[in-house]
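Worksheet: the structure to be examined is printed underneath.
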Amino acid sequence: MANVLFTNVRIIDGSGAQPYSGEVLVQGNRIARVGRSARSLPTVGVSVIDAAGATLMPGLVEAHTHFSWNDAATLREIQLMPLEEHVLWTASVAQRYLEAGWTSCVGAACAKPRLDVVVRNAINEGLIPGPRYLAASQEITVAGGLGDETLPHIPWPEFSFGVVVSGPDEMRKAVRMFLKYGVDSIKLNLSGDNFVAAARAETTWMTDEEVAVAVREAKMRGKRVAAHARSCESIKQCVRHGIEVIYHASFTDEESLDMLEANKDKHFVAPGIAIIYAMLNEAERWGITRAKAADMGYQVEWDAALESLRKMHKRGIRVLPGGDYGFAMTPHCQNARDLEFFVKYLGMTPMEAILSATKLGAEIMMKGNDLGQVKEGYLADLLLVDGDPLSNLAILREPARMLAVMKDGAFAKEPEIRSARTRWGRTAA
Ligand SMILES: [Zn+2]
């Protein structure tokens, strides 16, 4: 691994401080030095990248990733992909995320039992490129809930998107199976979802007994639990049972917000509002007009979610980007759109939006003191971006603007020219 000096960069360091000009020296897989002026760091024996004023910032963290979702419009189309193709797809998506600047991703659920684990292991072994990755289980659900795609005449588990359990014993069995496979987290579908007509987002499906068993088994092995929790009651279940990672969290009341706030150092909320937005505004090609989406409950959920998330952000509850990219309406690698939504709809400043993907991202990766900032001693996960994300967050989802991506001190996307006098082809926005 060559030592690299990024010079002539504008640094967004991920601490919340205002950007500053300087240079950054990477040695091995760590950030060795951060200089606040030009030519303050040694250049002997290092590759010098003169970035001509481009932005250097920490790699982005996706808090709610589904590598195995195959950009289809329905859960069934995802599930029916044969295993061999599905493994290759999942691996290729992992590489795309990394090259798009997502140097860490938190798996939120996979479509077949071991897809996430196999891809994480292959990344860690250097077999395939991909982000730092926490592997999830399949979704665990109950009969009739989100993820139970079996039909009365085809009740086989292979035809179901999620693993269907009934009662604490079956839950224990399912959780132990995924722990045996080596997942980092167990995914529970606590609430319904407007994707499923008979299990709307406001409804709650799992009993406390089932949830308690799942959490106990996961914690006993030192693993984490994440939950699909759109309904108010399911959010409360997350807090009551100590489920750290809460996905969606659309419907809240004062009590649920108070509970979250009182435990805000423990929980993360990754809402994934892009899919709701897309269902309402961009899904006509898949037969979902705005009227139909509203009929499915998406307008009600959009309004509720924005109100809930605005309040959460105000109360200091950690809200992170990512979620439910990998559907036809929300294709993979447009994930940075969440940051634009956070500013537009949740009242975050652009800096807060960036921190939600970097500093807070490191915390959800359980590496808050080691990752997510441009700071001496921290792991060298860095992006070189053409332009200023603080004035235009949209550039973070433009591949051409992502000049370089470094993970763990190695380039996943090489800067085009590496010399002492690099000038990028385009000028900063
Ligand atoms: Zn999800």
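Remember, it's 1-based here, ligands and their atoms both numbered in the order they're listed.
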Considering only distance and modelled atom types, tabulate donor-acceptor pairs under 3.5 Å from the side chains of residues 264-274, sequence neighbours left out.
unit_1 : atom_1 : unit_2 : atom_2 : d
K264   : NZ     : R315   : O      : 3.1
H267   : ND1    : I243   : O      : 2.9

Among residues two or more places apart or on two chains, list those pairs meeting side-chain hydrogen bond (donor to acceptor under 3.5 Å, both in side chains) that have a residue in residues 78-91. H86-K112

Give the ring-plane orientation class for Y277 versus Y345, where under 30° counts as parallel, over 60° as perpendicular and anything between as tilted. tilted

Show me the side-chain donor-acceptor pairs of residues 98-109 shorter than 3.5 Å, one per line, residues at least two apart or across chains.
unit_1 : atom_1 : unit_2 : atom_2 : d
E99    : OE2    : Q95    : NE2    : 3.0

Polar side chain donor-acceptor pair, Y97 to H332, under 3.5 angstrom: yes

Nearest non-hydrogen partners of A63 and I364, listed with the distance: CB-CD1, 3.9 Å

Under 2.8 Å from the Zn ion (ligand 1), which protein N, O or S atoms are there? Could you list them by chain and number? H64 NE2, H66 NE2, D324 OD1

